[in-house]
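Computed from a predicted structure; not experimentally measured. In what follows, every chain begins at residue 1, and chains take the letters A, B, ... in the order their sequences are listed.
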Number of protein chains: 2
Amino acid sequence: MPSRHLKGLCFHPSKEARCVTCSLSSLCLPLSLNLEDIDQLDRIIKRRQPLKKGEYLFHQGDNFDCVYAVRSGSIKNYAMTNEGEEQITNFYLPSELVGLDGVDCDTYPVSAKALETTTVCEIPFSRLEELAVELPELRAQILRIMSKELRDDKQMMMLLSKKNAEERVATFLSNLSTRFKRRGYSPYTFRLPMSRNEIGNYLGLAVETVSRVFTRFQNNQLIAVNGKEVHILDMEQLGLLAGLVTQESSPRIASSS
Amino acid sequence: MPSRHLKGLCFHPSKEARCVTCSLSSLCLPLSLNLEDIDQLDRIIKRRQPLKKGEYLFHQGDNFDCVYAVRSGSIKNYAMTNEGEEQITNFYLPSELVGLDGVDCDTYPVSAKALETTTVCEIPFSRLEELAVELPELRAQILRIMSKELRDDKQMMMLLSKKNAEERVATFLSNLSTRFKRRGYSPYTFRLPMSRNEIGNYLGLAVETVSRVFTRFQNNQLIAVNGKEVHILDMEQLGLLAGLVTQESSPRIASSS
DNA sequence: CGCTTTCTTGAAAAGCGTCAAACTTAGTGG
DNA sequence: CCACTAAGTTTGACGCTTTTCAAGAAAGCG
């Protein structure tokens, strides 16, 4: 039924080439748009060729022109420090929107690189803005997404300035779990798309520390890890740790011994 | 000359009660609005009674309804951690906009408290949105401000995850300096509106560490401090330190001795 | 299958936090 | 206006968490 409007405007007429049929449609941009609005949005969106691991969506400094919705796979955002090391500022999983922090500059302030084979929807920002003029719901949705990202950033700042290594890793895992769950995947069993190094970089910890915390969590029956495969065994305890737990009387995780 | 439109709509008919005559007009929201647009904006803005030190602009959890432009004084944003300690997420100086991270929630995610006697313009968000429908420039400006805040947050995350105590404090001072300069004040001499404790909280450092770094900077002729009064003596060196300098061959600041 | 990269583990070192105490400033009331 | 108290700041000594360095184990890749 929802197939008016498609015509010759469809760029990659694949089996899932429209927002209405997209399995992520309830999570992605058109969260609160009605069917007609989605059709309009649909017409400005391009599906890009899948990116292979290590390929770039855009580079820091590229002209800002599009935002991207991840359809499958995952993306990392990172900037270069003055010394040339990378600083990861975010990971993006399917249904999440990449590139919004470029809105007020001419260029992307960070680079976006695929962590694995990744497909995205490309949304030309100028056309999105045009469309937003007519669709108040779309406008509101864009604001909501940016505002959400602002709040997530504050959470991250809290993590970086107040939490210790265990709390950081626990927060990271809980957070991933929640996002996988929302996508429809198991919140208990998932594959980390990023390396230990990238986790450490993101969390402000040395690789070795991340590795040690993983082992400690495993020894304490919090999780079971096998390479990038993670099973969360005790979600409650993990959540407690993540929630900035240093309560005097809390059963402290035994230190490796 | 710019005085059509005012009529009975002016809430506090003080000497600086309009955006057009506001000394911050070139910095504040209406950055890129023309005179007529500013007049329209002007009519939805209320000037609130000055806040005394320690008073709240809003509390975490209050209904989100307004954003605020600081006219004079300063504001801190902070959230409560699960353990009940405060975590400062931002400081706002005159011409800066407070409250935007509430846009997509019903309630403010943080509290906003005056660090000193502070005056603000109150901007009802619903009316701002209405107005934004007609004024594309205003819409763009709101996006720009949010996007700027997103990028600032990334910078903060970088600071918290990669910089040591000296680099953090140097960054903090450089940043304040820049903002004071933009306001038209001296970038070299200014008064810190916040306590050492608050600086430490914000930078993820213990008070004692902040204090020690201040002393060290003073011993090394980088700055001169007297209570909250700060003079920057060597802006270049301070900037170098701030810019994530651990270059092998850089003249490392002598440690207090 | 061998090579490179990533991950893990141990031991030592460093940076920062914590505790404690002296000192300064700000605020209050006599 | 000064004394008094509370709050904020500075300084030193010590300890703990995390980093750094190093080396071996596992995994990914051609």
Worksheet entry | Distance in angstrom units between A:Glu166 CD and D:dT18 C1', rounded | 12 Å

Worksheet item: Could you state the CG-P distance from A:Asn164 to C:dC16, rounded to the nearest angstrom?
Response: 17 Å

Fill in: Contact state string [nucleotides 7-15 of chain D, B base, S sugar-phosphate only, - no protein heavy atom under 4.0 Å]
--SBBBB--

Worksheet entry | OG-CZ distance between A:Ser111 and A:Phe58, expressed to the nearest 0.5 angstrom | 7.5 Å

Practice prompt. Measure the spacing between CD of B:Glu149 and OG of B:Ser147 and express it to the nearest 0.5 Å.
Written response: 10.5 Å

Item to complete: Evaluate the ring planes of B:Tyr78 and B:Tyr56, with Trp represented by its six-membered ring, and classify them as parallel (under 30°), tilted (30 to 60°) or perpendicular (over 60°).
Response: tilted

Worksheet entry | A:Lys162 with B:Glu85: basic N within carboxylate O range, under 4.0 Å | no

Discussion item. Going by the rule side chain to side chain contact (heavy atoms under 4.5 Å, CB included), which residues pair with B:Pro109 if we only count those two or more places apart in sequence or in a different chain?
Written reply: A:Arg151, B:Asp101

Response to the item:
Rounded to whole Å, CD of A:Gln218 lies from P of C:dC7 at a distance of 15 Å

Discussion item. Rounding to an integer number of Å, can you tell me how far A:Lys53 NZ sits from C:dT5 P?
Written reply: 13 Å

Discussion item. Tell me whether B:Thr171 contacts the main-chain N or O of B:Glu167 through its side chain, where contact means a donor paired with an acceptor under 3.5 Å.
Written reply: yes

Discussion item. Base, sugar-phosphate or nothing for A:Gly200? Non-hydrogen atoms, less than 4.0 Å.
Written reply: nothing

Fill in: Donor-acceptor under 3.5 Å (B:Ser177 side chain, B:Pro187 main chain)
yes

Worksheet item: If we fit an axis to the first five pairs and another to the last five of the helix from C:dC1-D:dG30 to C:dG30-D:dC1, what angle do they make, to the nearest 10°?
Response: 50°

Item to complete: In whole angstrom, give the distance that lies between atom CZ of A:Arg168 and atom P of D:dT17.
Response: 14 Å

Practice prompt. To the nearest 0.5 angstrom, please state how far the NE2 atom of A:His59 sits from the CG atom of A:Leu57.
Written response: 10.5 Å

Worksheet item: When the distance from CD of A:Glu229 to P of D:dA27 is rounded to whole Å, what number comes out?
Response: 13 Å

Worksheet item: Given atom CZ of A:Phe217 and atom C1' of C:dC7, what is their separation to the nearest angstrom?
Response: 17 Å

Item to complete: Look at the side chain of B:Asn201 and the backbone N and O of B:Glu86, then say whether any donor-acceptor pair between them is shorter than 3.5 Å.
Response: yes

Fill in: Between C1' of C:dG15 and CG of A:Leu205, the distance in whole Å
15 Å

